[in-house]
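Order of the sequence lines sets the chain letters (A, B, ...), proteins ahead of strands, with each chain counted from 1.
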There are 2 protein chains.
Amino acid sequence: MYEKKIPENLDCGISVCMKVMGGKWKAWIIECIHDGIKRPSKIHRQMETEGASLRVITMHLKELEDLGVLYKKIYPGTPLRVEYYLTEVGMSTLPLIKAMSQWGREKRAYLLQGERNAYLATN
Amino acid sequence: MYEKKIPENLDCGISVCMKVMGGKWKAWIIECIHDGIKRPSKIHRQMETEGASLRVITMHLKELEDLGVLYKKIYPGTPLRVEYYLTEVGMSTLPLIKAMSQWGREKRAYLLQGERNAYLATN
DNA sequence: CTGTATCCGGTCTGATACTG
DNA sequence: CAGTATCAGACCGGATACAG
């Protein structure tokens, strides 16, 4: 297991926000679950082509569950089945995630152009 | 110098957004500049008590400048003076940053409570 | 004052093997 | 199928020294 050594400072609202949406796949996971893709294996399949390993999905799911953003429901049986749902707070992230996603898509071309110029300027 | 070894995938709007606001101090830096604290030394003083080193501030400033979020103005002379301004795209981050910050402050207590419960449950 | 180079330890995450 | 353990390599950022 992995244990943090530096205490986090969560006085800042942005830091709190980043804890929930800042991971590499967290925002995507939240969107998936909202879209009805609730089972870990399905979520993984959704984004394994992008390089997400099942381990990281599992870790993010657990973190989000611990934070109270997700609620986990277990259906006993073989094979075992698990589904995750958004809690009320989980729901409250959706407008924010949507806004971030839209902003990124809108500004993408501009921002990447900026990068390219900087690259050319230093070569 | 530090050089990335894994190419980034910026097809996703969230990733683009995180590139601009996801660093440890980037959002704070953008807020500072918007508040009229434009010089690197001032920005640093603003948050060195929180542990930000001048090096990281400089790096973030450069990154944001390269992306076209900030514009850098140099006043020659001794001592050298530099000021950073928000570009139009830089300005467009403000509502988003404000929204994230507010969300974090609102949900902070709930999220931390969730963490505490998870901790108790496993001990 | 501004910015760069180097080092280094903490953190994140992909890969793999494994348990239930 | 769901989840855990361990490893390794990339990333992030703090400290320091130094250059313009």
Side-chain angles (χ1 to χ4, degrees), chain A residues 1-9 15 18-29 33 37-66 70 72-84 118 121-122, chain B residues 1-9 15 18-29 33 37-66 70 72-84 118 121-122:
Chain A
M1 263 308 269
Y2 173 67
E3 196 114 356
K4 281 204 169 82
K5 292 181 186 173
I6 296 182
E8 303 178 80
N9 181 357
S15 304
M18 284 302 156
K19 196 173 172 62
V20 175
M21 318 180 193
K24 194 161 179 182
W25 309 100
K26 281 182 189 163
W28 196 346
I29 287 175
I33 293 176
I37 304 169
K38 302 168 183 172
R39 301 184 54 192
S41 54
K42 298 281 187 187
I43 294 170
H44 178 225
R45 211 157 319 160
Q46 195 73 199
M47 39 192 148
E48 65 178 333
T49 56
E50 307 294 331
S53 69
L54 185 53
R55 174 184 160 281
V56 178
I57 304 295
T58 306
M59 281 179 58
H60 283 175
L61 284 170
K62 179 167 172 45
E63 250 182 276
L64 292 172
E65 187 203 348
D66 288 351
L70 298 182
K72 177 184 187 173
K73 197 164 182 180
I74 303 176
Y75 300 89
T78 307
L80 188 60
R81 213 178 58 163
V82 172
E83 288 185 351
Y84 288 90
T122 55
Chain B
M1 263 306 267
Y2 173 68
E3 197 114 354
K4 281 204 170 80
K5 294 182 186 174
I6 296 181
E8 303 177 78
N9 180 356
S15 304
M18 283 303 157
K19 196 172 173 61
V20 175
M21 318 180 194
K24 193 161 178 181
W25 309 100
K26 280 181 189 163
W28 196 346
I29 288 176
I33 293 175
I37 304 169
K38 304 168 182 172
R39 302 183 55 191
S41 54
K42 297 282 187 189
I43 294 170
H44 179 223
R45 211 156 320 160
Q46 195 71 201
M47 39 191 148
E48 65 178 333
T49 55
E50 307 294 331
S53 70
L54 185 53
R55 174 184 161 281
V56 178
I57 304 296
T58 305
M59 281 178 56
H60 282 174
L61 284 171
K62 179 168 172 46
E63 251 182 275
L64 293 172
E65 187 204 347
D66 288 351
L70 298 181
K72 177 183 187 173
K73 195 164 182 180
I74 303 177
Y75 299 89
T78 306
L80 188 59
R81 212 179 57 163
V82 172
E83 289 185 351
Y84 288 91
T122 56

* To do: Begin from the C-alpha positions of A:Glu63 and A:Lys19 and carry the test salt bridge (charged side-chain N to carboxylate O under 4.0 Å, His left out) through to its verdict.
  => CA-CA 9 Å; A:Glu63 250 182 276; A:Lys19 196 173 172 62; 5.1 Å; no
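Heavy-atom contacts of chain B under 4.0 Å fall on DNA chain D between two terminal nucleotides, which in 5' to 3' order are D:dA10 to D:dA15.
The distance between atom CD1 of B:Ile74 and atom C1' of C:dT2, rounded to the nearest whole Å, is 9 Å. Per the geometry, CD1 belonging to A:Ile57 stands 8 Å off P belonging to C:dG14, to the nearest Å. Between the NZ atom of B:Lys38 and the P atom of C:dT2 there is a distance of 14 Å, rounded to whole Å. We find that NZ of B:Lys73 is positioned 18 Å from C1' of C:dC1, with the value rounded to whole Å. For the pair A:Glu50 CD and C:dT13 P, the interatomic distance rounds to 15 Å; values are reported in whole Å. The distance from atom CD of B:Glu3 to atom P of C:dT4 is 14 Å, rounded to the nearest whole Å. Rounded to whole angstrom, the span from the NZ atom of A:Lys19 across to the P atom of C:dT11 amounts to 12 Å. Rounding to whole angstrom units, NZ of residue A:Lys5 and C1' of C:dC8 are separated by 13 Å.
The two atoms that bring A:Pro40 and A:Val82 nearest to each other are CD-O, 3.5 Å, heavy atoms only. Closest heavy-atom contact between A:Lys38 and A:Ile33: CG-O, 4.4 Å.
Close to C:dG14, at under 4.0 Å from its OP1 or OP2, lies a side-chain N or O of A:Lys24. The side chain of B:Tyr2 places no N or O atom within less than 4.0 Å of a non-bridging phosphate oxygen (OP1 or OP2) of C:dC8.
Here salt bridge (Lys or Arg N to Asp or Glu O under 4.0 Å) pairs that include residues 74-83 of chain A, with residues two or more places apart or in two chains, number zero.
For A:Gln46, there are no side-chain hydrogen bond (donor to acceptor under 3.5 Å, both in side chains) partners, not counting sequence neighbours. In this structure, B:Lys73 has no salt bridge (Lys or Arg N to Asp or Glu O under 4.0 Å) partners at least two apart in sequence or on a different chain.
For the helix from C:dC1-D:dG20 to C:dG20-D:dC1, the rotation axes defined at the first and last 5 base pairs enclose an angle of 30°, given to the nearest 10°.
Taken to the nearest 0.5 Å, the CD1 atom of A:Ile57 stands 9.5 Å off from the CD atom of A:Glu48.
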Sub-3.5 Å pairs of nitrogen or oxygen atoms, protein against nucleotides 15-20 of chain C:
{"from": "C:dA15", "atom 1": "N6", "to": "A:Arg55", "atom 2": "NE", "distance (Å)": "3.0"}

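The side-chain heavy atoms of B:Lys62 and B:Lys72, taken from C-beta on, include no pair separated by under 4.5 Å. Between B:Lys26 and B:Met21 the shortest side-chain heavy-atom distance does not fall below 4.5 Å. Side-chain contact between B:Glu50 and A:Asn9: present, with at least one pair of heavy atoms (C-beta onward) separated by less than 4.5 Å. Proximity of B:Arg39 to B:Tyr84: side-chain heavy atoms (C-beta onward) are nowhere separated by under 4.5 Å.
Across all strands shown, A:Lys72 has heavy atoms under 4.0 Å from sugar-phosphate atoms exclusively, and none from any base. When heavy atoms are screened at a 4.0 angstrom cut-off, A:His44 is found touching no nucleic acid atom at all. No contact: A:Tyr75 has no heavy atom under 4.0 Å from any strand.
Within the 3.5 Å criterion, the main-chain N or O of A:Ala52 finds a donor-acceptor partner in the side chain of A:His44.
Map A:Ile6 and B:Ser41 each onto its nearest nucleotide of DNA chain C; the residue landing nearer the 5' end is B:Ser41.
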